[in-house]
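Quantities reported herein were computed from a predicted structural model and do not represent experimental measurements. Heavy atoms only: backbone and side chains are in, while hydrogens, waters and symmetry mates are out. Residue numbers count from 1 along this sequence.
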Amino acid sequence: MIFTNDKAIFIQMADRLCDEILAGTYKADDRIPSVREYAVMLEVNTNTAVKTYELLAREGVIYNKRGLGYFVHPDAREQILEKRRAEFRSQTLPELFRQMRLLDISIDEIDRAWEEK
């Protein structure tokens, strides 16, 4: 994984795991890689992976079964979608609309481009 400087690494790792849940790589109640496995997979310090899992557990995206590992919460996908949609509406759309106004791009142009994809 290539990390950027705009967010802490453990948050980028959490985003990646959420992306994998959204993509169906991990489904409700699936076991996810252990903290150590995930750290090795992404070539980061184990403590960074621990912070990632703690964050996702606090947010209710994953849960721990003592001695068995971490699993995807049954409502994780819907929870991630709700959070990401809210962020999209509050952060991405305002900037997109600002750019559309500056560049004189109509919603019809966007709609046509969407349909072409």
Side-chain angles (χ1 to χ4, degrees):
M1 179 169 176
I2 298 171
F3 297 104
T4 61
N5 292 327
D6 63 335
K7 289 183 188 175
I9 290 174
F10 78 97
I11 293 174
Q12 292 177 64
M13 291 172 62
D15 288 345
R16 176 191 165 132
L17 195 51
C18 288
D19 288 348
E20 291 170 334
I21 292 168
L22 290 176
T25 304
Y26 303 112
K27 296 178 179 26
D29 293 313
D30 279 356
R31 183 182 177 281
I32 61 173
S34 72
V35 169
R36 285 186 183 90
E37 290 169 338
Y38 210 55
V40 168
M41 188 185 320
L42 300 183
E43 300 177 349
V44 299
N45 185 293
T46 303
N47 292 330
T48 304
V50 167
K51 287 173 71 173
T52 299
Y53 280 42
E54 287 174 347
L55 170 66
L56 292 173
R58 273 194 315 274
E59 292 180 349
V61 173
I62 61 174
Y63 63 94
N64 188 4
K65 286 186 182 178
R66 185 162 288 220
L68 297 176
Y70 283 93
F71 295 80
V72 177
H73 190 280
D75 298 327
R77 188 171 194 288
E78 291 75 25
Q79 182 181 340
I80 295 165
L81 280 171
E82 184 178 312
K83 180 182 175 189
R84 293 232 177 137
R85 286 174 177 158
E87 288 173 357
F88 180 81
R89 285 185 205 104
S90 68
Q91 296 170 13
T92 306
L93 277 181
E95 177 57 21
L96 175 66
F97 293 152
R98 187 181 80 77
Q99 289 292 325
M100 287 172 64
R101 275 189 219 94
L102 286 173
L103 301 172
D104 196 26
I105 297 173
S106 71
I107 196 70
D108 292 333
E109 289 178 71
I110 299 299
D111 191 43
R112 281 192 299 278
W114 175 261
E115 292 301 321
E116 290 172 5
K117 285 259 176 189

Asks: Do V72 and I32 come close enough that some side-chain heavy atom pair is under 4.5 Å?
Replies: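 In short, these two side chains touch, coming nearer than 4.5 Å.
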Asks: Should R16 and E20 count as an ion pair when the cut-off is N to O under 4.0 Å?
Replies: yes
Asks: Could you state the interatomic distance from SG (C18) to CZ (R77), rounded to the nearest 0.5 Å?
Replies: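 Between C18 SG and R77 CZ, I get 12.0 Å after rounding to 0.5 Å.
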Asks: For F10, is there any backbone N or O sitting under 3.5 Å from a side-chain donor or acceptor partner on T52?
Replies: yes
Asks: Identify the heavy atoms of M1 and L42 that sit nearest to each other, and give their distance.
Replies: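 Where M1 meets L42 most closely, the heavy atoms are CB-CD2, 3.8 Å.
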Asks: Around atom CG of D104, are there more than 12 heavy atoms from other residues, nucleotides or ligands closer than 6.0 Å?
Replies: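 No - once you tally the heavy atoms of other residues, nucleotides and ligands closer than 6.0 Å, there are 12 at most.
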Asks: Going by heavy atoms in the side chains, are M13 and V44 under 4.5 Å from each other?
Replies: yes
Asks: Hydrophobic cluster membership, with links at side-chain heavy-atom distances under 4.5 Å among I/L/V/M/F/W/Y: are L93 and L103 in one?
Replies: yes
Asks: Salt bridge check, R98 against E95: does any charged N sit closer than 4.0 Å to a carboxylate O?
Replies: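 A salt bridge links E95 with R98.
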Asks: Would you please say whether a donor-acceptor pair under 3.5 Å links the side chains of D30 and Y70?
Replies: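 D30 vs Y70: no donor-acceptor pair found between side chains.
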Asks: Mark yes or no for whether S90, through its side chain, and A86, through its backbone, hold a donor-acceptor pair below 3.5 Å.
Replies: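 Flag set: sc S90 to bb A86 pair under 3.5 Å.
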Asks: To the nearest 0.5 Å, tell me how far I110 CD1 sits from F97 CZ.
Replies: 9.5 Å
Asks: Show your reasoning for whether side chain to side chain contact (heavy atoms under 4.5 Å, CB included) applies to I21 and K27.
Replies: CA-CA 6 Å; I21 292 168; K27 296 178 179 26; over 6 Å; no
Asks: Please give me the minimum heavy-atom distance between A14 and L55, naming the atom from each residue.
Replies: CB-CD2, 4.0 Å
Asks: Do the side chain of D111 and the main chain of D108 share a donor and acceptor less than 3.5 angstrom apart?
Replies: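 No, the answer is negative, given that no donor and acceptor are paired below the 3.5 Å cut-off.
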Asks: At what distance, to the nearest 0.5 angstrom, does CG of L56 lie from CD of Q79?
Replies: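 Reported to 0.5 Å precision, the distance equals 9.5 Å.
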Asks: Report the C-alpha separation of R112 and E115 in whole Å, then their side-chain angles, then the decisive distance to 0.1 Å, and conclude whether the side chain to side chain contact (heavy atoms under 4.5 Å, CB included) test is met.
Replies: CA-CA 5 Å; R112 281 192 299 278; E115 292 301 321; 5.8 Å; no
Asks: How far does CZ of F71 sit from OH of Y26, to the nearest 0.5 angstrom?
Replies: 12.5 Å
Asks: Above 12 or not: heavy atoms from other molecules or residues under 6.0 Å from CD of E82?
Replies: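 Atom CD in E82 is not packed in, count stays at 12 or less.
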Asks: Would you kindly confirm whether M41 and I9 end up in one hydrophobic cluster when ILVMFWY residues are joined by side chain heavy atoms under 4.5 Å apart?
Replies: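 Linked, M41 and I9 end up in one cluster.
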Asks: Would F88 and M100 show up in the same hydrophobic cluster when neighbours are defined by side-chain heavy atoms closer than 4.5 Å?
Replies: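 Yes, because F88 and M100 connect within a single hydrophobic cluster, where side-chain heavy atoms sit under 4.5 Å apart.
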Asks: Could you tell me which non-hydrogen atom of T46 sits nearest to which non-hydrogen atom of A39, and how far apart they are?
Replies: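 Closest heavy-atom pair between T46 and A39: CA-CB, 3.9 Å.
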Asks: How about Q99: does its CD atom have over 12 heavy atoms from other parts shown lying under 6.0 Å from it?
Replies: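 Yes, enclosed.
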Asks: Do L22 and Y63 belong together in a cluster built from hydrophobic side chains that touch within less than 4.5 Å?
Replies: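 Not linked; separate clusters.
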Asks: Are the side chain of K51 and the backbone N or O of T48 linked by a donor-acceptor pair below 3.5 Å?
Replies: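 Between the backbone of T48 and the side chain of K51 there is no qualifying donor-acceptor contact (under 3.5 Å).
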Asks: Are more than 12 heavy atoms from other residues, nucleotides or ligands located less than 6.0 Å from atom CZ of R31?
Replies: yes
Asks: Does the R85 side chain pair with the main chain of I80, one donor and one acceptor, at a distance under 3.5 Å?
Replies: no
Asks: Mind checking whether L17 and L81 sit in one hydrophobic cluster, side chains of I, L, V, M, F, W, Y counted as touching below 4.5 Å?
Replies: yes
Asks: Between D19 and R84, is there a side-chain N and carboxylate O pair less than 4.0 Å apart?
Replies: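 A salt bridge is present here (some side-chain N lies under 4.0 Å from a carboxylate O).
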Asks: Roughly how far, to the nearest 0.5 Å, is the OG1 atom of T4 from the CD atom of Q12?
Replies: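 So the CD of Q12 and the OG1 of T4 are separated by 3.5 Å.
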Asks: Is there side-chain contact between S34 and Y53, with heavy atoms separated by less than 4.5 Å?
Replies: no
Asks: With rounding to the nearest 0.5 angstrom, report the CG to CD distance, L96 to Q91.
Replies: 13.5 Å
